[in-house]
Amino acid sequence: RVGSLLIVSEIALSFVLLAGAGLLIKSFLNLREINPGFNADNVLVMRLALLWPKYKETEPRVQAFKQVIDSVKAIPGVQSAGAVLSLPLKGDTFELGRSVIREGRPMTPDEAVNARFITVTGDYFQTMQIPLKSGRLFTDQDNSQSPKVVIISEKMARELWPNENPIGRRFTEWRDEKFSREVVGVVGDTKVQSLDKDTENQMYVPYLQDSGWGSLTLVVRTTGEPGAFAGSVREAISAVDKGIPTYNLKTMNDVVSVSTAPRRVPMLLFSAFAGVAMLLAMLG
């Protein structure tokens with residue numbers, strides 16, 4: 001009787017573990033189906049840092065990043081390339097937030113709306129395939145001599161101007177800037193923290209109007225396996241300046257994979273325990 005009771009208990013416990021593993025697997029698969037807001041396939045990324053004091057002034061920095069991007073675009077098999085201050089899904093260690101107040105509202109803390117502040121070059125959205133919902137993308141005319149512009153995410157547009165057209169509207173970065181920026185475009189939301197967390201407000205400004213950053217992440221869309229282009233991309237960068245260091249090289253699929261790791265590890269462990277329990281129950 002004791003032996004039979006142990007066998008029944010083993011089988012019951014193994015089925016509990018199998019059910020739990022099944023639920024975790026289903027949850028993980030559902031997580032992978034969530035749209036991050038961009039196309040991660042065939043995208044290579046790496047961080048670039050312009051060294052001081054050679055790139056101390058604004059114009060040399062602007063020209064260096066422009067030449068790097070143009071040089072990378074000339075590589076056979078490269079579809080497009082751009083640069084960004086911080087990648088989605090915490091692909092970079094650097095993150096920056098700002099508070100904004102829309103035009104016509106009092107400049108008080110109660111009116112401030114928080115948003116991720118992201119500096120990009122003109123071809124970033126095309127390279128990441130972040131869809132343009134309305135308005136336009138940045139051009140070379142959006143430079144330091146032209147009026148300040150900004151592109152915002154759909155979520156930010158809904159929060160600042162619900163049921164209204166945000167194109168042509170203005171807001172001011174509270175406490176950070178003494179001027180307003182005009183909204184020229186609205187793009188799709190992208191996941192900032194992880195796939196299972198809600199999207200956040202995001203505002204994008206052109207690097208030509210915010211060129212104080214000496215470090216950006218280069219994003220390169222290729223026609224084939226992106227890792228195979230790493231050497232060619234580094235050679236293209238060295239052709240511009242051999243002193244520009246590159247680091248944190250990976251693909252955007254790697255970034256997505258890392259963001260799902262907190263769910264993947266428990267799923268694999270639970271599945272392994274469930275399999276061992278079932279095997280022991282069968283042997284018992």
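Only a predicted model underlies this, so the values are computations on that prediction, with no experimental measurement involved.
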Q: Quick check: closest heavy atoms across S211 and V62, and the distance to 0.1 Å?
A: CB-CG2, 3.5 Å
Q: Could you work out, with ring pair (Phe, Tyr, Trp, His ring centres under 6.0 Å) as the rule, every residue matching F138, not counting sequence neighbours?
A: none
Q: With distance as the sole test, does K191 use its side chain to make a donor-acceptor pair with the main-chain N or O of N35 at under 3.5 Å?
A: no
Q: Would you check if the side chain of Q193 reaches a backbone N or O of S259 as a donor-acceptor pair within less than 3.5 Å?
A: no
Q: Okay, side chain of K73, backbone of V68: is any donor-acceptor separation there less than 3.5 Å?
A: no
Q: List in chain and number order the residues that pass side chain to side chain donor-acceptor pair (under 3.5 Å) with S86, two or more places apart in sequence or in another chain; answer none if no residue qualifies.
A: none
Q: Answer yes when D241 and K54 have at least one side-chain N-carboxylate O distance shorter than 4.0 Å, and no when they do not.
A: yes
Q: Looking only at heavy atoms, what is the nearest atom pair of T121 and A83, with distance?
A: OG1-N, 2.8 Å
Q: For the pair E164 and R169, find out whether any cationic side-chain nitrogen is under 4.0 Å from an anionic carboxylate oxygen.
A: yes
Q: Of all residues at least two apart in sequence or in a different chain, which pass the side chain to side chain donor-acceptor pair (under 3.5 Å) check with T139?
A: Q141
Q: List, by chain and number, the other hydrophobic cluster members for W174, where Ile, Leu, Val, Met, Phe, Trp and Tyr join if side-chain heavy atoms come within less than 4.5 Å, directly or indirectly.
A: I101, M107
Q: Checking R61 side chain against Y55 main chain: does a donor-acceptor pair fall under 3.5 Å?
A: yes
Q: I need the L85 CG to D92 CG distance, nearest 0.5 Å.
A: 8.0 Å
Q: Would a distance-only check, ignoring hydrogens and angles, find a side-chain to backbone donor-acceptor pair under 3.5 Å from S215 to A49?
A: no
Q: Stepwise, does the side-chain contact (heavy atoms from CB on, under 4.5 Å) test hold for M203 with I118?
A: CA-CA 6 Å; M203 56 177 294; I118 308 168; over 6 Å; no
Q: Check whether Y124 and V43 end up in the same hydrophobic cluster, where Ile, Leu, Val, Met, Phe, Trp and Tyr are linked by side-chain heavy atoms less than 4.5 Å apart.
A: yes
Q: With the 4.5 Å side-chain cut-off for hydrophobic clustering, are V255 and L96 part of the same group?
A: no
Q: Between T251 and E225, is the side chain to side chain donor-acceptor pair (under 3.5 Å) condition met? List the steps.
A: CA-CA 9 Å; T251 68; E225 170 57 38; 6.0 Å; no
Q: Pair F117, D176 - check side-chain contact (heavy atoms from CB on, under 4.5 Å), show working.
A: CA-CA 11 Å; F117 181 90; D176 293 299; over 6 Å; no
Q: Could you go through F179 and T172, starting from their C-alpha distance and side-chain angles, then the distance that decides it, and tell me whether this counts as side-chain contact (heavy atoms from CB on, under 4.5 Å)?
A: CA-CA 6 Å; F179 53 84; T172 300; over 6 Å; no
Q: Would you name the heavy atoms of D196 and S194 that are closest together and state the gap between them?
A: OD1-OG, 2.6 Å
Q: Ignoring hydrogens, what is the shortest heavy-atom contact between Q202 and A115? Give both atom names and the distance.
A: N-CB, 4.4 Å
Q: If the threshold is 4.0 Å, N to carboxylate O, is there a salt bridge linking E95 and R116?
A: yes
Q: Under 4.5 Å between side-chain heavy atoms, hopping through other hydrophobics if needed: is there a path connecting V183 to L137?
A: no
Q: Going hydrophobic residue to hydrophobic residue with side-chain gaps under 4.5 angstrom, can you get from V72 over to M46?
A: yes
Q: Between F65 and Y207, how do the two ring planes meet: parallel, tilted or perpendicular, split at 30° and 60°?
A: perpendicular
Q: Please name all residues satisfying ring pair (Phe, Tyr, Trp, His ring centres under 6.0 Å) with F38, sequence neighbours left out, ordered by chain then number.
A: none
Q: Got a sec, which residues hit side chain to side chain donor-acceptor pair (under 3.5 Å) with T223, two or more places apart in sequence or on another chain?
A: none
Q: Assess the residue pair V233 and L44 against the criterion (side-chain contact (heavy atoms from CB on, under 4.5 Å)); give the C-alpha distance rounded to whole Å, side-chain angles, the decisive distance to 0.1 Å, and a yes or no.
A: CA-CA 9 Å; V233 171; L44 179 73; 4.1 Å; yes
Q: Among T190, L195, V258, find the one that has a side-chain contact (heavy atoms from CB on, under 4.5 Å) with L89.
A: L195
Q: What pairs with F125 under ring pair (Phe, Tyr, Trp, His ring centres under 6.0 Å), at least two apart in sequence or on another chain?
A: Y204
Q: Applying side-chain contact (heavy atoms from CB on, under 4.5 Å), name anything that partners L51, two or more places apart in sequence or on another chain.
A: P245
Q: K133: what forms a side-chain contact (heavy atoms from CB on, under 4.5 Å) with it, not counting sequence neighbours?
A: P131, E154, V186
Q: Between R221 and T127 (side chain of the first, backbone of the second, donor and acceptor by atom type, cut-off under 3.5 Å), is there such a pair?
A: yes
Q: According to side-chain contact (heavy atoms from CB on, under 4.5 Å), who are the partners of S71, at least two apart in sequence or on a separate chain?
A: A236, V240
Q: Linking I/L/V/M/F/W/Y whenever any side-chain heavy atoms sit under 4.5 Å apart, do I75 and L48 land together?
A: yes
Q: State which residues pass side-chain contact (heavy atoms from CB on, under 4.5 Å) with R102; sequence neighbours excluded, sorted by chain then number.
A: R105, L160, W161, F171
Q: Working to the nearest 0.5 Å, report the span between CE of M156 and CD1 of I151.
A: 12.5 Å
Q: Might you point out which heavy atoms bring N248 and G91 nearest each other, and give the distance in Å?
A: ND2-O, 3.9 Å
Q: Let me see the working for S80 and D123 under side chain to side chain donor-acceptor pair (under 3.5 Å), right down to the final yes or no.
A: CA-CA 7 Å; S80 62; D123 288 342; over 6 Å; no
Q: Are V192 and K90 packed together at the side-chain level, in the sense that at least one heavy-atom pair is separated by less than 4.5 angstrom?
A: no
Q: When you measure from the side chain of D140 to the backbone of N143, do you find a donor-acceptor pair of N or O atoms at a distance under 3.5 Å?
A: no
Q: Could you walk me through whether N114 and S99 pass the side chain to side chain donor-acceptor pair (under 3.5 Å) check?
A: CA-CA 4 Å; N114 295 326; S99 295; 2.7 Å; yes
Q: Side-chain donor-acceptor pair under 3.5 Å between N201 and E159, yes or no?
A: yes
Q: For residues I237 and L218, determine if any side-chain heavy atom of one lies less than 4.5 Å from a side-chain heavy atom of the other.
A: yes
Q: Can you tell which of L249, L87, V84, V220 makes a side-chain contact (heavy atoms from CB on, under 4.5 Å) with V45?
A: L87
Q: Answer yes or no: is there a side-chain heavy-atom contact under 4.5 Å between I167 and S134?
A: yes
Q: So, using side chain to side chain donor-acceptor pair (under 3.5 Å) as the criterion, who are the partners of K155 when residues are at least two apart?
A: none
Q: For E173, run the side-chain hydrogen bond (donor to acceptor under 3.5 Å, both in side chains) check against K148, K178, R98 and tell me which one passes.
A: R98
